[in-house]
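Before anything else, here's the structure in question.
Proteins get letters first, then strands, A, B, ... in listed order; numbering begins at 1 in each. The figures here come from the full heavy-atom set of this structure, side chains too, leaving out hydrogens, waters and symmetry mates.
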Amino acid sequence: MATATSSSPEVPATRRRGLDRLTIAILAFTVLGLLDAAYLTYVHYHGFSALLCSGAHNGHSSCETVQSSQWSRLVGVPVALLGLIGYVALLASLRVRGDVGRAIGFGIALMGFGFSLYLTYREAYSIHAYCEWCLGSAGCLTILTVLTAIRFLRGDPPAPAA
Amino acid sequence: MASRKEQKEQARAARLAAEQAAQARAARMRRMQLLGGVVVIAVAAIVVAIAISGGGSGGGAIKQNSPQSRALYSQINTLLTGIPESGTTLGNPKAPVTMTYFGDLECPICRDFTLNTLPQFIQNDVRTGKAKVVYRSMCTATCNDYSNGQSIFNNQQVAAYAAGRQNLFWYYAELFYHQQRAEGSGYVTSTFLNDLAGQIPALKQSTWQTDRKDPSLLSQVQGDEQAASTDNLQGTPTLILQGPKGQLTAPNSVVNPGGYSALASTLRQVS
């Protein structure tokens with residue numbers, strides 16, 4: 001136990017179990033991806049012409065082309081909405097302690113990464129158009145897969161020095 | 001020489017160290033098993049998602065006389081039956097407003113408009129005689145795609161126009177949009193076009209095949225394209241409404257869900 005003469009104040013136990021840098025990074029990229037997916041879900045239900053997009057494709061924005069393609073839905077559910085649900089689940093997994101929580105987080109990120117890799121392939125070779133928002137989400141999921149893998153392999157974060 | 005007590009302490013420490021090492025090994029093993037399980041589940045989920053996504057590389061039109069084909073035809077027939085058709089025109093020829101629809105059968109945004117907004121327009125405004133729709137071709141999706149030296153765009157548009165010779169253009173176009181796949185993916189083959197024709201019971205197949213070779217239909221497609229170019233149209237669908245009060249182009253928002261209100265508003269302005 002730290003005394004009144006210690007050079008640093010005593011850290012409460014709950015605080016020591018608080019967010020380490022890796023978890024903060026995961027949180028940041030998850031929130032970023034969540035906002036991206038939320039925007040894509042919003043425009044899916046309110047009209048693609050609202051999409052802010054720099055690319056052009058056949059008289060429309062390239063994002064509109066991608067979001068109107070047959071790959072933009074999975075059994076009728078917009079993939080943007082599935083992405084949104086995935087990011088929320090990833091966020092929730094951060095609240096689950098121990099190896100199970102870290103494994104769930106990694107599993108969700110890995111699934112998202114794999115499917116976004118496939119969708120990016122379809123953009124390049126089937127649709128011949130790119131959607132910056134989709135690529136942004138794919139980028140977030142790539143980083144999240146790496147970060148959640150490190151978090152899982154590292155185990156419990158080291159307690160900060162008192 | 002170590003005392004008996006020290007020997008006991010050393011043995012205890014060694015036992016504890018061995019137990020800790022065994023616990024660490026077991027924990028590592030559990031974690032690796034958990035990791036393996038997670039990876040297997042994630043990969044399986046990805047494979048299933050890819051398999052059920054719209055991304056099958058092959059395929060084409062749905063099978064003729066299948067339950068799916070009959071259900072789709074019935075849906076389209078309910079929408080169009082009883083409405084006069086002539087060539088690419090749908091509706092009463094004397095309707096006060098004409099909506100000219102510049103489209104490309106492979107354009108996914110045209111599909112969204114045709115499947116989401118057009119049915120309401122047909123029901124409320126075409127069926128009631130307020131407006132008629134004239135379809136014209138404008139290449140946006142597959143302008144540079146060729147099969148056996150022939151333009152895929154011209155082939156598909158002419159196939160639909162040939163159905164129009166039997167006043168069934170809109171049946172063909174509706175079937176095309178419902179079964180549309182990724183633009184430029186090469187799915188529009190002769191087989192695909194023939195399959196669509198086969199799904200229209202009233203279409204005389206031999207006549208349709210003969211009409212497809214009529215150069216005047218190709219000229220009609222090329223004439224439409226020329227008109228789109230002259231009017232400097234930027235994309236498909238472009239919807240131009242001409243009525244007693246003048247001419248207006250419908251806003252892009254008509255392709256969105258609930259886009260009918262924007263189209264109805266444009267209709268009111270020119271009526």
Report task. Carefully, step by step, assess A:Arg102 and B:Val38 under the rule side-chain contact (heavy atoms from CB on, under 4.5 Å). Result -> CA-CA 10 Å; A:Arg102 289 188 286 270; B:Val38 164; over 6 Å; no
**Report entry** B:Leu35 side, atom CG; A:Leu110 side, atom CG - distance, nearest 0.5 Å
**Finding:**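 It comes to 9.0 Å.
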Query raised in the report: Looking only at heavy atoms, which of residues 80-89 of chain A get nearer than 4.5 Å to chain B?
Result: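 Result: none.
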Query raised in the report: If you take all heavy atoms of B:Ile52 and A:Leu74, which pair is closest and at what distance?
Result: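 Where B:Ile52 meets A:Leu74 most closely, the heavy atoms are CG1-CD1, 3.9 Å.
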Query - Portion of B:Val39 that has a non-hydrogen atom of chain A nearer than 4.5 angstrom - result: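 Interface part for B:Val39: both.
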Query raised in the report: What's the spacing between A:Leu153 CG and B:Met32 CE if we round to 0.5 Å?
Result: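 With rounding to 0.5 Å, CG (A:Leu153) is 5.5 Å from CE (B:Met32).
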Report task. Could you tell me which residues satisfy side-chain contact (heavy atoms from CB on, under 4.5 Å) with B:Glu19, sequence neighbours excluded, listed by chain and number? Result ->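 Result, side-chain contact (heavy atoms from CB on, under 4.5 Å) vs B:Glu19: B:Arg15, B:Leu16.
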Query raised in the report: Is any side-chain heavy atom of A:Gln67 less than 4.5 Å from a side-chain heavy atom of B:Ile109?
Result: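 No. Closest side-chain heavy atoms not under 4.5 Å.
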Report task. List the atom of B:Ala42, the atom of A:Gly107, and the distance in Å for their closest heavy-atom pair. Result ->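 Result for this residue pair: CB-O, 4.0 Å.
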**Report entry** Residue part contacting chain B, namely of A:Leu117, when any heavy atom lies under 4.5 Å
**Finding:**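 Nothing of A:Leu117, per the 4.5 Å heavy-atom cut-off to chain B.
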Query raised in the report: Just wondering, are more than 12 heavy atoms of other shown residues or ligands nearer than 6.0 Å to CZ in A:Phe29?
Result: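 Check fails, neighbour count at 12 or below.
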Query raised in the report: Residues in side-chain contact (heavy atoms from CB on, under 4.5 Å) with B:Val221, at least two apart?
Result: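 Once residues adjacent in sequence are excluded, the partners of B:Val221 under the side-chain contact (heavy atoms from CB on, under 4.5 Å) criterion are B:Ser137, B:Phe153, B:Asn154, B:Gln157, B:Val158, B:Tyr161.
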Query - Set of disulfide (SG to SG under 2.5 Å) partners for B:Cys139, sequence neighbours left out - result: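 Scan of B:Cys139 (disulfide (SG to SG under 2.5 Å), adjacent residues dropped) gives B:Cys143.
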**Report entry** Close side-chain approach of A:Tyr118 and B:Ile46, heavy atoms under 4.5 Å
**Finding:**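 A:Tyr118 vs B:Ile46: side chains apart.
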Query raised in the report: Which one, B:Gln180, B:Arg31, B:Arg111, leads in non-hydrogen pairs under 4.5 Å with chain A?
Result: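 That would be B:Arg31.
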Query raised in the report: Rounded to the nearest 0.5 Å, how far does CD1 of B:Ile50 lie from CH2 of A:Trp71?
Result: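 Going from CH2 on A:Trp71 over to CD1 on B:Ile50, the span is 12.5 Å.
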